[in-house]
Amino acid sequence: MRWEPISKPTELRAWSNMPDYEQVRRAFDWTAARSQLSGLPGGRGLNIAYEAVDRHALGGRADVAALRCVDKQDRVTEISYGELRDRTNRFANVLRDLGVGKGERVYTLLGRVPELYVAALGTLKAGCVLAPLFSAFGPQPVYDRLQIGEGAALLTTPRLYRNKIRQLRADLPQLRHVLLVGDGAAEPGTIGFANALAQAGTEFEIPPTSPEDWALLHFTSGTTGRPKGAVHVHGAVVAHHTTAAYALDLRPDDVFWCTADPGWVTGTSYGIIAPLTHGATVVSDEGEFDARRWYRVLAEQRVTVWYTAPTALRMLMRHGPELASRYDLSALRYVASVGEPLNPEVVVWGQEVLGLPVHDNWWQTETGAIMISNYPAEEVRPGSMGRPVPGVEVGLLERGEDGRARVAHGKVHELTGADVEGELALRPGWPSMFRGYLHDEARYAASFADGWYLTGDIAARDSDGYYWFVGRADDVIKSAGHLVGPFEVESVLMEHPAVAEAGVIGKPDPVAGELVKAFVSLRPGHAPNDELRTELLAFGRRRLGAVAPKELDFDADLPHTRSGKVMRRLLKSRELGLPEGDLSTLEKAR
Ligand code: AMP
């Protein structure tokens, strides 16, 4: 069933950043979009941090609030653009004094605290590459990512350092400097962040930065293998800025809250960079999701534009309209969502309870910025991800037996016309396109065919060019908006002495979208029982943190392909009671 489209008042057309979608799309070009930004003085290139901080600080907006960070105790730290310029200059000086050079990776493993924002932007000023990690990751994902990206410096807290890094530091020879934020016992071999910042100078000249210089390293997961480090360049800021104008309707006087953690790409592209390039005020909340807390932040901070995720919206919806009505949400003018399928009920709930429909949009770590979106002045079709952003060409490709785009003699078949379904593909050329997977040319090359970037998602297109998400063409899991690679989880489980083999799937869940569920077979001498199940789940949590399995079943007879891989697809069909499908590659059916 398709839901009734939600139309927009005509005044919005005149007022919005994109009065007419079709017209803007036809006339759009990325070179003109680039001219919305200033570039480094003296024609020395394009640097994300200059566009986000210095051009406002030096352009008469030094006293405007750049950041409002709400901590767990509800205390608010406000930092103006002028202060942010000083602090990020100081951090760039710290890195330079430590000898962390251009292109070297600086990692953050921090909650959403002011220091995270200072370090992120200071790193970009210094010409180093920012690699933000999710602080709820366990030691194994943290170690793998530091190792793959050869982190030269890391900013974290004493507690996270003790729990996740200290024991492994000897195995990370590239990691020359660890800076610690906040109170806590001094740790040998680390540097106090506050002290280092206080001693550093407030003047820093951003070195010449080419739009092709590396800026960001974001980790993502595939069906197999270790995490992939997607590299983004400084030129990506053109896409961050432009898409925030069109898809989020951002303006300089907005108070903008993106609820994603900067450890995931949304939390960096739109939680830090894009809104600051518009000179808006960015709200961040250190606390975890709680319905009352989130409504309170929206109300007390007078948030005008809110970018969040389906899991959170579904949880708010569960609390009913009465809770929302207790808060003054009158400042809110635009709501958008990303990261997982947004059910039409939630879009309509937004309209009824917040007085605003939720605008779904679609993108991925690799695309660096929003690619498909619903727009402020255009009707919203509940359940649809919307239409391509200006400057981006989207296609649907015919799929082969493995579910991915069929490539024959280097050619793909693009499905044209209406009401077609295929693998979602994008024509490379927009500025925030990833430039490679670090040290993994083969996987990068395998993401392209016949001039298209293949997204791994399956989508349909209706007769008006709106795209509808159908599913993933591979086995990656989306749990509460977080992308989880089954291989990473399986590898950890298999390190437990009782586990012979593991298969991990996403099990549909009404709130989180999917839950991580593991099936394991045991080594001889180990019996499947509740005690072992609890132990394995705890083992997973200790090693993996937030991406650990929530459920675990024993299965002495895991299905395999002829090439010996556990068939996750079949485990999933069995879990859901669905037909088992084509089992021709199955080694041994039950
Ligand atoms: P990530 O790289 O972690 O940002 O995850 C990207 C993936 O999240 C996409 O390839 C989709 O599978 C999923 N995703 C992102 N946005 C949406 C959306 N609006 N609707 C459905 N799935 C989405």
Side-chain angles (χ1 to χ4, degrees), residues 34-59 62 66 81-108 115-132 149-155 174-177 179 191 193 196-218 229-241 262 268-269 272-274 276-277 279 368 431-432 434-436 438:
R34 158 80 169 78
S35 66
Q36 300 295 310
L37 298 170
S38 31
L40 284 174
R44 288 180 302 115
L46 183 65
N47 183 293
I48 294 176
Y50 185 85
E51 301 304 326
V53 184
D54 290 17
R55 75 174 179 131
H56 307 298
L58 302 172
Y81 276 96
E83 285 162 342
L84 191 58
R85 175 166 189 266
D86 282 1
R87 291 193 207 180
T88 51
N89 279 353
R90 284 177 190 270
F91 190 66
N93 278 319
V94 169
L95 290 175
R96 193 165 54 189
D97 294 347
L98 289 173
V100 183
K102 182 170 172 174
E104 288 201 278
R105 267 71 76 184
V106 175
Y107 280 67
T108 54
E115 291 86 348
L116 170 62
Y117 298 85
V118 170
L121 294 158
T123 296
L124 295 169
K125 280 190 169 177
C128 303
V129 176
L130 171 69
E150 300 149 315
L154 166 72
L155 188 71
Q174 311 267 1
L175 185 59
R176 306 199 298 277
H177 307 289
L179 295 110
I191 301 164
F193 173 82
L197 212 65
Q199 283 166 19
T202 55
E203 286 310 314
F204 181 84
E205 189 180 34
I206 299 178
T209 312
S210 149
E212 282 304 310
D213 281 349
W214 290 11
L216 304 161
L217 178 66
H218 283 296
V231 174
H232 290 281
V233 296
H234 277 273
V237 67
V238 179
H240 298 144
H241 184 80
T268 305
S269 293
I272 306 179
I273 300 169
L276 293 178
T277 67
S432 64
F434 75 129
R435 298 298 197 270
L438 195 66

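The figures here come from the full heavy-atom set of this structure, side chains too, leaving out hydrogens, waters and symmetry mates. Predicted model only: the values in this text are computed from it and were never measured.
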Which residues pass the salt bridge (charged side-chain N to carboxylate O under 4.0 Å, His left out) test with Arg435, sequence neighbours left out?
Glu212
Mind checking what makes ring-ring contact (aromatic ring centres under 6.0 Å, His included) contact with His241, not counting sequence neighbours?
His278
By side-chain hydrogen bond (donor to acceptor under 3.5 Å, both in side chains), Arg176 pairs with (sequence neighbours left out) Glu104
Is the shortest heavy-atom distance from the side chain of Val237 to the side chain of Leu37 under 4.5 Å?
yes
Going by ring-ring contact (aromatic ring centres under 6.0 Å, His included), name the residues that satisfy it together with His218, two or more places apart in sequence or in a different chain.
none
Side chain proximity check, Leu46 to Thr209, heavy atoms < 4.5 angstrom
no
Taking it one step at a time, do Asp86 and Thr202 satisfy side chain to side chain donor-acceptor pair (under 3.5 Å)?
CA-CA 5 Å; Asp86 282 1; Thr202 55; 4.8 Å; no
Who are the ring-ring contact (aromatic ring centres under 6.0 Å, His included) partners of Tyr81, not counting sequence neighbours?
His56
What residues form a salt bridge (charged side-chain N to carboxylate O under 4.0 Å, His left out) with Glu115, not counting sequence neighbours?
none
I'd like to check the salt bridge (charged side-chain N to carboxylate O under 4.0 Å, His left out) partners of Asp213; sequence neighbours left out, ordered by chain and number.
Lys102
Using a strict cut-off of less than 4.0 Å between a Lys/Arg side-chain nitrogen and an Asp/Glu carboxylate oxygen, indicate whether Glu205 and Lys125 qualify as a salt bridge.
no
Got a sec, which residues hit side-chain hydrogen bond (donor to acceptor under 3.5 Å, both in side chains) with His240, two or more places apart in sequence or on another chain?
Ser269
For Glu83, which residues count as a salt bridge (charged side-chain N to carboxylate O under 4.0 Å, His left out) partner, sequence neighbours excluded?
none
Compile the donor-acceptor pairs under 3.5 Å between side chains in residues 90-101 and protein atoms, sequence neighbours left out, one pair per line.
from  : atom 1 : to     : atom 2 : distance (Å)
Arg90 : NH1    : Leu197 : O      : 3.1
Arg90 : NH1    : Ala198 : O      : 3.2
Arg90 : NH1    : Ala200 : O      : 2.8
Asn93 : OD1    : Arg96  : NH2    : 3.1
Asn93 : ND2    : Asn89  : O      : 3.3
Asn93 : ND2    : Gly201 : O      : 2.8
Asn93 : ND2    : Glu203 : O      : 3.0

Partner set under side-chain hydrogen bond (donor to acceptor under 3.5 Å, both in side chains) for Arg87, not counting sequence neighbours:
none
For Ser38, give me all partners under side-chain hydrogen bond (donor to acceptor under 3.5 Å, both in side chains), at least two apart in sequence or on another chain.
Glu51
Minimum heavy-atom separation for Pro207 to Leu40, with atom names?
O-CD1, 3.7 Å
Heavy-atom closest pair, residues Pro431 and Val238:
CG-CB, 4.0 Å
